[in-house]
Number of protein chains: 2
Amino acid sequence: MENTTAVAALAALAQESRLAVFRLLVRNAPEGLTPGLIGEELDLPAPTLSFHLRTLAQAGLVTAVQEGRYVRYRAELPGIDALIAFLTEDCCAGNSKLCSPKG
Amino acid sequence: MENTTAVAALAALAQESRLAVFRLLVRNAPEGLTPGLIGEELDLPAPTLSFHLRTLAQAGLVTAVQEGRYVRYRAELPGIDALIAFLTEDCCAGNSKLCSPKG
DNA sequence: GCAATATTTCCATATTATTGGAAATATGGA
DNA sequence: TCCATATTTCCAATAATATGGAAATATTGC
């Protein structure tokens, strides 16, 4: 993973509303949710939510699929796995006895 | 973990230089490094690095210990573990068969 | 075609973060 | 005490981001 890619993903998550949206989609994986349901659950205005969903999608943390007049957003679990691996890469110079992270 | 705490940690990591500093400290866990060495390795001016280290420390991702005229910074591995767990909490509503993340 | 609903784009405002030179502070050694 | 080194604080310029109302776009059912 590129440093730049990781920064984009972390920046996408580093915002209260977006983090809440992402975690809601993680809990509701793998089916996903529509913006209407997300906005209702988290009490977010549609334009604000749309902006945040786009940011998460550009960072590769969620995917969007058009379903008729709805759009289904899903957490991209491999994306978050890759980010987690990147954060703890080569931890303790590879000496796993010294490290708590699983990576 | 509080939503606010997680946002602070993610924001701390969502910056190119800080992410590089953090990952360098992860690789050099558990001994840690001094700002002088970090700045040399990553080619960062001292005031800029000091600002970034303080941000990481406030987010609970690194710790600082004074050692004579040096300061030793270390990656706070339990902190990153907690953040990772928070991101994937209750993934797929707890149905681990559907989920890739280890959490 | 028309009305209702879902979602996004436009846009102006407000807020917050990043940068690094210069100066301040702190420690250790001679 | 005085000097060299390590680190931080001060500060001002610059840049990036979040917010939500109004309007635009898209889809479905009638």
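Naming: A, B, ... by sequence-line order, numbering from 1 per chain. What you are looking at is a predicted structure, and each value in this text was computed from that prediction instead of being measured.
- The phosphate of D:dT8 (OP1 or OP2) has a side-chain N or O of B:Y73 nearer than 4.0 angstrom.
- Across all non-hydrogen atoms, the minimal contact from A:I38 to A:V21 is CG2-CG2, 4.0 Å.
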Residues 41-65 of chain A side chain polar contacts: donor-acceptor under 3.5 Å, at least two apart:
| from | atom 1 | to | atom 2 | distance (Å) |
| --- | --- | --- | --- | --- |
| A:H52 | ND1 | A:R18 | NH1 | 3.1 |
| A:T55 | OG1 | A:F51 | O | 2.9 |

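- Using a 4.5 Å cut-off on side-chain heavy atoms (C-beta onward), B:T88 and A:L77 make no contact.
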* B:Y73 and B:V71: CA distance, side-chain angles, deciding distance, side-chain contact (heavy atoms from CB on, under 4.5 Å) verdict -> CA-CA 6 Å; B:Y73 280 90; B:V71 177; 3.5 Å; yes
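- The CG-C1' distance, from B:L49 to D:dA6, rounds to 12 Å in whole Å.
- At distances below 3.5 Å, at least one donor-acceptor pair connects side-chain atoms of A:R23 with backbone N or O atoms of B:F86.
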* **Dot-bracket encoding of pairs in DNA chain C, which uses [ ] for pseudoknotted crossings and | for another strand, Watson-Crick or G-U under 3.5 angstrom** => ||||||||||||||||||||||||||||||
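- Here C:dT8 presents its P atom at 7 Å from CG of A:L53, a figure rounded to the nearest Å.
- Under a cut-off of 6.0 angstrom, the local environment of CD in B:E2 is sparse, with at most 12 non-hydrogen atoms contributed by other residues, nucleotides or ligands.
- A pairwise comparison of heavy atoms in B:A9 and B:L83 identifies CB-CD2, 4.0 Å as the closest pair.
- Minimum heavy-atom separation, A:L13 to A:L19: O-CB, 3.5 Å.
- Every residue was checked against the side chain to side chain contact (heavy atoms under 4.5 Å, CB included) condition with A:R69, not counting sequence neighbours, and none meets it.
- Of the residues in residues 19-43 of chain A, none has a non-hydrogen atom less than 4.0 angstrom from any atom of DNA chain D.
- Between the side chain of A:R72 and the backbone N or O of A:T34, no donor-acceptor pair lies under 3.5 Å.
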* Asked: How would nucleotides 9-21 of chain D be written as a contact map, 5' to 3', with B for base contact, S for sugar-phosphate-only contact and - for no contact, using protein heavy atoms under 4.0 Å?
  -> B--------SBBB
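- Against DNA chain C, the stretch residues 58-69 of chain B makes heavy-atom approaches under 4.0 Å through B:G68, B:R69.
- Ion pair B:E31/B:R74 not flagged as a salt bridge, since none of the NZ, NE, NH1 or NH2 atoms sits closer than 4.0 Å to an Asp/Glu carboxylate oxygen.
- The distance from atom OH of B:Y70 to atom C1' of C:dG28 is 9 Å, rounded to the nearest whole Å.
- Under a 3.5 Å cut-off, the side chain of A:E76 and the backbone N or O of A:P78 do not form any donor-acceptor pair.
- Between A:V26 and B:L87 there is no side-chain heavy-atom pair separated by less than 4.5 Å.
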